[in-house]
Amino acid sequence: MSIGGMGPGGGHPGGGRRGIDEAAQRAINAQAPEVANLRGRVLRLFAPYRGRILVTCLIVVISAGLGVVPPLLVKRVFDDALFPAGGRPVMGLLAVLVGAMICFYLLTAALNVLQTWLTSTVGNLVTGDLRVRLFEHLQKMELGFFTRTRTGVIQSRLQNDVGGVSSVLTSTLTSILGNVVTVIASLVAMILIDWRLTVVAVILMPILVLVQRRVGQIRARIAGQTQESLSELTAITQETLSVSGVLLAKSFNRQAGEAARYRSENTTQIRLQVRRAMSGQGFFAIVQVLMASVPAIIYLLAGWLIIAGRSGLTAGAIVAFTTVQARLLNPLVGLMRVALDVQTSQALFARIFEYLDLVPAVVDAPDARTVAEAPGPRGRICLDDVTFRYPDAAASSPPILDRVSFTVEPGQHVALVGPSGSGKSTILSLVPRLYDTTTGRVEYAGADVRTLQHSSLVDDVGMVSQETYLFHATIAENLRYARPEATDAELIEACAAANIHHVIVGVEHGYDTVVGERGYRLSGGEKQRIAIARVLLKDPPVLLLDEATSALDTVSERLVQDAIDEVAHGRTTLTVAHRLSTIVDADMIHVIKDGRIIESGSHQELMDLDGIYAELATQQLAVPAHHG
Ligand code: ADP
């Protein structure tokens with residue numbers, strides 16, 4: 001009576017599951033989610049590329065430092081070479097100085113190219129890692145996550161958000177470093193030339209930094225909203241412009257409605273993008289005007305200093321000073337832009353990390369064993385007092401499965417029948433842990449499935465569901481999904497057994513025909529038979545079969561049924577049956593209603609019981625019984 005039903009799987013408290021739901025819910029609603037220690041985590045992404053980053057930093061420092069030299073050369077050009085004290089220009093010295101200047105520019109340019117290459121490599125490698133990590137992590141999420149979250153929203157995080165940080169990463173790294181070094185080097189050069197002019201030139205800087213922070217915050221908020229709206233757009237596109245979506249819209253004449261939905265979200269997107277582009281523009285404009293006006297002010301100040309006779313200022317010094325000072329403008333503006341970008345990208349990083357932090361509901365226990373190490377025989381399935389609610393269901397709602405217990409011995413054929421919505425497919429999905437039970441346990445090979453390595457469990461289970469999913473790929477590739485190393489002969493053998501080989505060879509490109517969403521259209525029955533062939537190739541000891549309801553005509557049904565008989569032979573089979581004719585020979589039939597087993601037994605036993613099954617059977621089997 002262990003309602004807690006935890007046993008060895010006690011490490012799966014309900015609280016953990018609720019945590020995931022909340023996280024997923026936040027993922028759907030959030031604009032700029034809270035993520036702890038965001039900066040540290042972003043920095044850690046760069047750790048594997050330390051070496052390259054170090055080299056990059058070195059290059060940046062060198063080239064920025066070199067930038068100070070030309071202005072100092074300018075001072076010498078003016079004071080020593082062009083206008084030496086009381087004499088004519090010294091052409092020899094002038095030539096050397098000019099040559100040196102050009103060399104410096106060349107060197108700096110070369111270093112710049114190298115540095116751009118290094119940073120764009122590191123930036124893209126980091127984003128690439130992030131994209132793969134996110135993809136792999138999302139794959140580990142339980143099925144429930146994907147039923148709760150729209151495909152388009154997930155795609156958007158992978159594409160738009162990761163893409164968004166990519167551009168920031170590639171530019172930020174060098175921009176910060178290069179600009180900081182340039183600013184410092186320029187300041188040093190300016191102080192060397194004249195400290196008084198320097199003080200006046202930099203007096204504005206602290207104010208700019210303060211304003212910049214505020215603009216950054218506004219921008220980050222808009223960025224979060226923009227990405228959210230972008231993911232909505234992607235989701236609408238993905239849902240509406242797919243084959244099924246278009247078909248639905250066309251058949252209900254809903255194109256105008258869908259377009260309106262798209263247009264409205266698009267308007268939001270435009271508004272946000274413009275706001276994003278415009279926020280801070282006024283600020284930048286003021287910065288530029290101020291910075292550009294500084295030289296004019298410098299001239300004024302220099303004149304005053306010279307008149308006051310306290311200067312020792314030469315024409316060369318003033319030209320050199322204004323040259324350096326002008327060089328300060330771009331790096332300063334650049335730094336502020338970067339600071340804004342960094343703030344903006346934090347919103348994107350937060351969205352990415354939030355997904356990376358989702359905890360998959362189905363994870364291997366640290367001491368998980370393989371099926372081979374389990375105590376019982378392979379193929380043995382046992383449900384022990386299983387109660388189940390879907391993860392997002394209210395705790396007060398009636399359970400989908402209510403204290404279901406039964407066992408399937410190896411090699412047995414057990415069938416589940418009952419009204420639609422009674423929970424039959426749900427039972428199947430608990431065996432390979434597409435979901436975990438709420439209470440009670442599911443055992444495979446004598447072990448709680450939560451104590452088994454998930455991949456090892458899945459290897460033992462073949463599933464044929466009502467809806468067959470085929471990739472947009474050739475038939476052969478779809479089949480080899482089950483076993484990549486399968487030979488052509490094995491493919492043909494499986495397809496022949498599944499009654500589909502003759503259909504495939506009849507199509508123009510045979511096994512190389514592309515099927516799936518935009519490929520050759522197979523009928524429902526043909527798809528099912530390909531799915532059966534796929535399971536035959538996998539060759540698992542257990543078969544979970546969710547019979548297609550009524551989609552098939554009698555001929556295809558016969559073909560599919562023969563294929564199923566073929567694949568079920570010698571395997572433990574748990575079938576959700578809709579046509580009772582297919583299960584009269586089953587070893588055990590459980591009748592499910594409202595999540596409970598209400599009758600169990602062989603066909604004959606259930607007929608003798610004269611209950612619900614007998615009633616169903618007399619309706620369905622009436623005709624064959626006469627012929628039989
Ligand atoms: P059956 O196979 O007997 O027709 P199912 O097991 O498919 O029944 O469904 C049982 C109940 O669980 C139904 O009421 C259905 O609405 C609900 N259900 C099925 N899948 C989900 C899901 N992913 N999330 C929430 N509820 C679900």
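Ligands are counted one by one from 1 in listed order, and the atoms in each one are counted from 1 as well. As the structure is a prediction and not an experimental result, all values here were calculated from the model.
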Legend entry - Enclosure of F406 CZ (heavy-atom neighbours >12, cutoff 6.0 Å): yes
Inset, instruction - Note the single closest protein heavy atom to atom 8 (O) of ligand 1, along with its residue, its atom name and the distance in Å. - result: G423 N, 3.2 Å
Legend entry - For S420, atoms of ligand 1 separated by under 4.0 Å from a heavy atom: 4 (O)
Legend entry - Protein non-hydrogen atom below 4.0 angstrom of atom 15 (C) of ligand 1 present: no
Legend entry - Gap separating the CZ atom of R389 from the OG1 atom of T439, nearest 0.5 angstrom: 8.5 Å
Legend entry - Ligand-residue contact atoms, ligand 1 with S425, heavy atoms, under 4.0 Å: 1 (P), 2 (O), 6 (O), 7 (O)
Inset, instruction - Inspect the contact between R148 and E142 and indicate whether a charged nitrogen and a carboxylate oxygen are less than 4.0 angstrom apart. - result: yes
Legend entry - T426 neighbourhood, listing ligand 1 atoms whose heavy-atom distance to it stays under 4.0 Å: 5 (P), 6 (O), 9 (O), 10 (C)
Legend entry - Within-shell test, I400 vs ligand 1, heavy atom, strictly < 4.0 Å: yes
Inset, instruction - Nearest heavy atom to atom 24 (N) of ligand 1 wins, so pick from Y390, F388, F146, Y435. - result: Y390
Inset, instruction - Using the ring of F353 (Phe, Tyr or Trp, six-membered ring only), decide whether R41 places NZ or CZ under 6.0 Å from its centre and within 45 degrees of its axis. - result: yes
Inset, instruction - Quick one: sort the Y613 and H603 rings into parallel, tilted or perpendicular, breaks at 30° and 60°. - result: perpendicular
Inset, instruction - Taking only Lys NZ, Arg NE, NH1 and NH2, and the carboxylate oxygens of Asp or Glu, determine whether R596 and D594 approach each other closer than 4.0 Å. - result: no
Inset, instruction - Kindly confirm or rule out an N or O of G421 lying under 3.5 angstrom from an N or O of ligand 1. - result: yes
